[in-house]
Protein chains: 4
Amino acid sequence: MTLASDARTVQAAPAPGPAGRRRAGGKVRRMPREVRERQMLDAAVEVFARRGYRAASMDEIAELAGVSKPLVYLYLQSKEELFGACIRREAHALMEAVTAAVEPDAPADARLWNGLRAFFAHTADHPDGWALLSCQARTHGEPFTPVVAELRQQIVDVVTRLIAATCEDAGRAGAPADHEVSGLAHALVGAAESLAGWANSPTGAQPSAKETAATLMDVAWVGLENLVSGRRWSPTAPPPEDAP
Amino acid sequence: MTLASDARTVQAAPAPGPAGRRRAGGKVRRMPREVRERQMLDAAVEVFARRGYRAASMDEIAELAGVSKPLVYLYLQSKEELFGACIRREAHALMEAVTAAVEPDAPADARLWNGLRAFFAHTADHPDGWALLSCQARTHGEPFTPVVAELRQQIVDVVTRLIAATCEDAGRAGAPADHEVSGLAHALVGAAESLAGWANSPTGAQPSAKETAATLMDVAWVGLENLVSGRRWSPTAPPPEDAP
Amino acid sequence: MTLASDARTVQAAPAPGPAGRRRAGGKVRRMPREVRERQMLDAAVEVFARRGYRAASMDEIAELAGVSKPLVYLYLQSKEELFGACIRREAHALMEAVTAAVEPDAPADARLWNGLRAFFAHTADHPDGWALLSCQARTHGEPFTPVVAELRQQIVDVVTRLIAATCEDAGRAGAPADHEVSGLAHALVGAAESLAGWANSPTGAQPSAKETAATLMDVAWVGLENLVSGRRWSPTAPPPEDAP
Amino acid sequence: MTLASDARTVQAAPAPGPAGRRRAGGKVRRMPREVRERQMLDAAVEVFARRGYRAASMDEIAELAGVSKPLVYLYLQSKEELFGACIRREAHALMEAVTAAVEPDAPADARLWNGLRAFFAHTADHPDGWALLSCQARTHGEPFTPVVAELRQQIVDVVTRLIAATCEDAGRAGAPADHEVSGLAHALVGAAESLAGWANSPTGAQPSAKETAATLMDVAWVGLENLVSGRRWSPTAPPPEDAP
DNA sequence: GATGAATGAGAGTTCATTCAT
DNA sequence: GATGAATGAACTCTCATTCAT
């Protein structure tokens, strides 16, 4: 699992290198471009997550990255491009983490289980990246909305495929319709998102990724199995049909 | 059910009223403060939802509300207060809608079912309000985040109580621990939120509130029942314990 | 002769008005939009003339106009639009001044004479405006170049018509070809421009517009008459034909 | 006639030279300083002419010259110095071209004629240099204005001497006063400048240097002769003395 | 000698906010 | 009560210029 964003470098103590490469003040200068760029992306993800796209200022990003603003522009062109680069990197990292954890030949429930664990583990490790993908993604009106929406859709698609696979593992009778599967996928992803936020929130029990995944599996898997085998919940005493 | 935001007034042709209340130019003046304020809030919700908090401009809000900018400030103090007022109004309306639909004495599944239906119906009817609550409000580290967090907590609490009630309806054996209940509640709320967004998204099947609620009930209720009776999912072939 | 730019207001002491309209500091606020706009244009013409388009800063313009920068943007949109407005105003004023001085029914030489006097008088009175038209106009690469070029062309066209009229007043024989007339017009305008600059330059005799016009008439009119009647200068001892 | 700017080197494929002076990459290194400097000046003249002083960027100049930016600074100190060097080189080249064409012992009209032809030929051959001298340099109140002003004064002085010589060739009667001569010289130079711009402009007849010079001689020489012999134009019906 | 890496300073532009009528 | 006039502060972005290798 090679995740670009694993190599966080913000504020990280740089490799000392030979004596003389440090200034008296301790600030290392003249890093290779690749390293600087990663530092900037790290800082940008953090600031974008904390403030939102509009409220984030390039000044703050540059300062957090430990470079001057013009350098950010030199390497990453504009605020919009910078944001796009952040989104792409974080989405890619998350997808990598999840797909790497899912063995294609395992049974459906094992795949879901492993995928969920990887998802919760990754979002717990990269809360800022997850904040970017889950919150900023839905903000309307900004020029990058389509990009984010597409990356989010990729995640939903993976889950959709998982559920569809589950259906195929089971018998055919009463299999849910396509739009039901789609709805389920969104429900599952939403539940996972919410749990990720809850698990990472400072208040509360701070459960591990495994516990969180188990909680979700407990409630979702049986429900899924039920659904797949055609059983549905129905109101025992059907409510009056007044509401939409 | 008296929801403030039901009485949308943006751009609506005002009731003419007695002669003399209109100017020659056709613009109605001297509306009662309450009405003006609602107009402003309606406009603000729309603009905030469309653009996001930072990108929304007071100019656009004032223009959409049909009033001058200083009046907006006279009534609502500042952009931040205005946003807070929007959030409070929309949150209150949503809570009202949901709680009004839940009969306290009904069985647990009926309460959940009715609550979900009301939730999906309301969010579908007030997409701007829902966009505010679900997206814009979470983004910013700004001072209104607590308001939204509180609303969300209220909803989670309601659901938590529902689940707890379900547990009590069932026997005691294997009842989930408190933190499990909490996690379940968050999962359920997240699933509902995600479904609401999906159901309202322009792409896709545009299911009715009832269908959406059914989708969620199908997967969640059986899972809940299972959980309540102490059954858990567990990996049939336990994966190697390498991950957290 | 009603020239917009005659009513210069930069730094002008504003009409006092009733007591109480001045602040203690003496700065008058809340002028009608029209007045403020003229102030800004005056300041902009001065700064653009002094620094050139690119080197002129909106800060300096705003300060010279005695207003804040946002007001300049509120009224005049952008630097480019502001420059365009300056060019248009100054070109219009110059054209007005010249055409107003030329009686259409007068003989050709009288028209040229009066036109030149008006030209020199106006450029002497509005050196900044003239600097804008004559210098900035030729700067390449800027987005407004076509506009300035067109306005400059209008001036050349007026002179061209004057010369053509002179030709018609004279007999037909040996009348100069069209492209010769065009060249003459450019030569005359260039001479006038140069004289205007010389007449306004701090060094030297500071001749009046009338004297300047006389100097130009002395050399140009006889030349013109000669040309019109078909006489040309030719090298008495023709130089070897090696040069282009 | 040795004009520095004749040896244009921009983008020119350098003479290969002995093996070993090229790198593997094909880029020639270690050119003699003189050559490098000329390349830079050529590039700078082109970019300054195209964009104007302020809009020209050192990046673009360095790139066009095919060298790195620090090298430009090493050789030419600063943007301002670089611009000054361009102006000086182009001004020197123009003066050389004109003075080389004027035989000191020829009669006055021949000297004027040859000088004008050389002027128009040179400006036509070096449009960028001429653009620099005629437009960019006048605009700015910056420190290189004196350089251009001095060049211009040199030209005016030459013309002034020509006119004075013409006066001496003719009789003394009615010879123009000194300030008249000065004015005439400015008018002539301005006319020539304007014609140079017109002759080089993309629109229009694109006349040759000889034709352009002839056009100017036709109108100016007779005027000069007239003036020298004391004849003046005067309004046949003197206009009312209302204007300055 | 030549250059990739880096920046201080300042540009145009926008916006929430407040007077003074 | 309602508004046209006005601004301080901040933002994105660019550029001439210099190190350190």
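Protein chains get the first letters and strands the later ones, always in sequence-line order, with residue 1 at the start of each.
- When rounded to the nearest whole Å, the span between CZ of R33(C) and P of dT3(F) equals 17 Å.
- Between the CE atom of M40(B) and the P atom of dA2(F) there is a distance of 8 Å, rounded to whole Å.
- At whole-Å resolution of the value, CG in L76(D) and C1' in dT18(F) are 16 Å apart.
- Between dT14(E) and Y73(C), no contact under 4.0 Å exists linking OP1 or OP2 to a side-chain N or O.
- For the pair S68(B) and S68(C), nearest-nucleotide mapping onto DNA chain F gives the more 5' position to S68(B).
- DNA chain E contains the following stems of three or more consecutive Watson-Crick or G-U pairs, with both distances under 3.5 Å: E:2-21 with F:2-21.
- The minimum heavy-atom distance between R88(D) and E81(D), with the atom names listed, is NH2-O, 4.4 Å.
- To the nearest angstrom, P of dC11(F) lies 10 Å from CZ of R51(A).
- No salt bridge links E63(D) with K69(D); every basic N to acidic carboxylate O contact stays at or beyond 4.0 Å.
- Comparing S57(C) and S78(B) by the nucleotide of DNA chain E whose heavy atom lies nearest to each, the residue mapping closer to the 5' end is S57(C).
- We find that CD1 of I61(D) is positioned 11 Å from C1' of dA16(F), with the value rounded to whole Å.
- Remark: the backbone N or O of A56(D) is paired with a side-chain donor or acceptor of K79(D) at under 3.5 angstrom.
- The separation between K79(B) atom NZ and dT18(E) atom C1' is 17 Å, rounded to whole Å.
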Quick one, E90(C) with D128(C), criterion side chain to side chain contact (heavy atoms under 4.5 Å, CB included). Give me CA distance, side-chain angles, the key distance, then yes/no. CA-CA 9 Å; E90(C) 296 303 319; D128(C) 289 338; over 6 Å; no

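- Taking the six-membered ring where tryptophan is involved, the planes of Y53(B) and F83(B) are perpendicular, since the angle between them exceeds 60° and thus also 30°.
- Taking only side-chain nitrogens and oxygens, R36(C) never comes nearer than 4.0 Å to OP1 or OP2 of dA5(F).
- When each of P70(B) and L74(A) is assigned the nucleotide of DNA chain E bearing its nearest heavy atom, the one mapping closer to the 5' terminus is L74(A).
- A donor N or O paired with an acceptor N or O is found under 3.5 Å between the base of dT17(F) and the side-chain atoms of K69(D).
- Across A44(C) and C86(C), no two heavy atoms sit closer than the pair CB-SG, 3.5 Å.
- If you check every strand for non-hydrogen atoms under 4.0 Å, A56(C) touches sugar and phosphate atoms only.
- Closest of all the heavy-atom pairs between R38(A) and R89(A) is CG-NH1, 3.7 Å.
- Taking atom CD of residue E81(A) and atom C1' of nucleotide dT12(F), one finds them 14 Å apart after rounding to whole Å.
- When rounded to the nearest whole Å, the span between CE of M58(B) and P of dT18(E) equals 10 Å.
- Contact annotation: Y75(A) side-chain N/O to dA6(E) OP1/OP2 distance is under 4.0 Å.
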